[in-house]
Chemist: 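Please find one structure pasted underneath; my questions will follow.
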Amino acid sequence: MSASPVWHPFTQHGLETPIPLVTRGEGATLWTDDGRRIVDGISSWWVTTHGHNHPRIVRAIAEQAAKLDQIIFAGWTHEPAEMLARALVELMPRPLDHVFFSDSGSTSVEVALKMALGYWIGRGEPRHRIVVMEHSYHGDTVGTMSVGARGVFNQSYAPLLFDVDRIPFPAEGREQATLARLEALCRESTPAALIVEPLILGAGGMLIYPAWVLAEMRRICTHHGVLLIADEVMTGWGRTGTLLACEQAQVVPDVLCLSKGLTGGAIPLAVTIATPEIFAAHYSTDRARMLYHSSSYTANPIACAAANANLAIWREEPVAERIISLAQRQDEHLQMLRSVPGVTGARRIGTIVALEVEARDEGYLAAIGPRLLAAFTARDLLLRPLGNTVYVMPPYCIDDADLARLHDGIAQAVGELAS
Ligand SMILES: Cc1ncc(COP(=O)(O)O)c(C=O)c1O
């Protein structure tokens, strides 16, 4: 048993795997207490966009902390939140113009689901069924597990999860089956909303599908008056090459969830952004019809200040160029990975590269997963395979040498371990 009282997330303490102690971060680099320099190949769970400890975000946090640390957000407001909401509305596609704050990707999705149900109640025609995509992941709260894939992540809690309708993942050549199922569900079970991760399913295995399928799903939802919720918690802030993945399909959702890179990855914050119709459905003189959601730290001023600094970085630094450059460099490494024996399905979207390692078993609990993880950690690489799926999703500031270290490390580890 470890001497530490800390109970870590997604960690089986019974395996007694050593847990490195990280003391400092800068750019794409982390340092441990024993002096190791680690390359962050997954942006510390997909959050860090411009690099760790970006000076402008660090300064904004320090300055705001000295002015106003926290204030209840029900019935009160503050400038960092007002400024951020205005800037987000400016940046996001029309007509997304009402910004609801929360503090994690999961809560942004919970709020989106509540908004969708509230919308239908406000219209006087209650609907409560949600359509979801096979292999999706939307978080670990009970509501978000309900709309996610059922499996090892949540099987212990299955009795608590609510029932949803599922459409198959639009794998290559099977896109029409997805669209036909969506069409049928929209016609037959009058759902409140479809929730999707646009263009790439993250925790479900970095599964990529084409923009035209997203556009078609939007068309079907619009045709049947079903709301479209885009969970851009992972894909938002440039990961797929554009600010939002939805842009590549020229799709505007009715509800948009953002978190992770909203503060550049420095501090927790999330937003759920909705159209005027959804806001209007909750707008009333009747207090029973308000959106019943909050958490103590809703729109925390320090987090909002960090997000404002992040938006300033997007406006004033060559972020788009960095993303294009990273995508190109990722592509070059992808060619190399394709030639590594034991690697299959190597793919890329924007700044994200993913592949499968040939193994006896597949899925999140694939036996090769912990062995790959150990091989990466031994090479001072922060990479965290999803079973036999390995992916690289670094901060946009990563330099050539560190990116090469990640990919060479993957090639070496696969060479050692692939069956
Ligand atoms: C698409 C998506 N939605 C929601 C979440 C949940 O976000 P959080 O872990 O901040 O609650 C994640 C987390 O990885 C995600 O990838």
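In each ligand, atom 1 is the first atom listed, and ligand 1 is the first ligand listed.
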Chemist: Quick one: nearest non-hydrogen protein atom to atom 5 (C) of ligand 1, plus distance?
Modeler: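 So the nearest neighbour among protein heavy atoms is Val233 CG1, 3.7 Å.
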Chemist: For atom 1 (C) of ligand 1, find the nearest protein heavy atom and state the residue, atom name and distance (0.1 Å precision).
Modeler: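 The protein heavy atom lying closest is Asp231 OD2, 3.3 Å.
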Chemist: Are Val392 and Ile352 packed together at the side-chain level, in the sense that at least one heavy-atom pair is separated by less than 4.5 angstrom?
Modeler: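 No - every pair of side-chain heavy atoms lies 4.5 Å or more apart.
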Chemist: Which bit of Glu197 is near ligand 1, meaning a heavy atom under 4.0 Å away: side chain, backbone, both or neither?
Modeler: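 Side chain only; the backbone of Glu197 stays clear of ligand 1.
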Chemist: Whether the Ser102 and Thr107 side chains hold a donor-acceptor pair (N or O, under 3.5 Å, no angle test) is what I'd like checked.
Modeler: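 Ser102 vs Thr107: donor-acceptor pair found between side chains.
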Chemist: Which ligand 1 atoms does Met234 reach within 4.0 Å, using its non-hydrogen atoms?
Modeler: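 By the 4.0 Å cutoff, the relevant atoms are 16 (O).
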Chemist: For a quick check under 3.5 Å, do Gln248 and Thr242 share a side-chain donor-acceptor pair by atom type?
Modeler: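 Judged by distance alone, the side chains do pair up.
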Chemist: Looking only at distance, does Lys260 have an N or O less than 3.5 Å from an N or O of ligand 1?
Modeler: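 Yes: some nitrogen or oxygen of Lys260 is under 3.5 Å from one in ligand 1.
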Chemist: Using ring centroids (six-membered ring only for Trp), state whether Phe153 and Phe10 fall under 6.0 Å.
Modeler: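 Distance test on ring centres: under 6.0 Å, yes.
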Chemist: For Thr344 and Glu358, does a side-chain donor sit closer than 3.5 Å to a side-chain acceptor?
Modeler: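 No pair is found: no donor N or O on one side chain lies under 3.5 Å from an acceptor on the other.
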Chemist: For atom 16 (O) of ligand 1, what is the closest protein heavy atom, and at what distance to 0.1 Å?
Modeler: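 Of every protein heavy atom, Trp46 CZ3, 3.3 Å lies nearest to atom 16 (O) of ligand 1.
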Chemist: May I ask you to check whether His282 and Tyr119 place their ring centers less than 6.0 Å from one another?
Modeler: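 No, they do not, as the ring centres are separated by 6.0 Å or more.
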Chemist: Can you name the atoms of ligand 1, numbered from 1 with element, that are less than 4.0 Å from a heavy atom of Ser106?
Modeler: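 Those of ligand 1 that fall under 4.0 Å from Ser106 are 6 (C), 7 (O), 8 (P), 11 (O).
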Chemist: So, Thr29 and Arg24: side-chain donor and acceptor under 3.5 Å apart, yes or no?
Modeler: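 Their side chains do not contain a donor-acceptor pair, so the 3.5 Å distance test is not met.
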Chemist: Select one of side chain, backbone, both or neither to describe which atoms of Tyr137 lie under 4.0 Å from any atom of ligand 1, heavy atoms only.
Modeler: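 Under 4.0 Å from ligand 1, Tyr137 contributes backbone and side-chain atoms.
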Chemist: Considering only protein heavy atoms, which is closest to atom 4 (C) of ligand 1, and at what distance to one decimal place?
Modeler: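 Atom 4 (C) of ligand 1 sits closest to the protein heavy atom His138 O, 3.2 Å.
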Chemist: Near Gly105, which atoms of ligand 1 are under 4.0 Å from a heavy atom of that residue?
Modeler: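 Checking each atom against Gly105, I get 6 (C), 7 (O), 8 (P), 10 (O), 11 (O).
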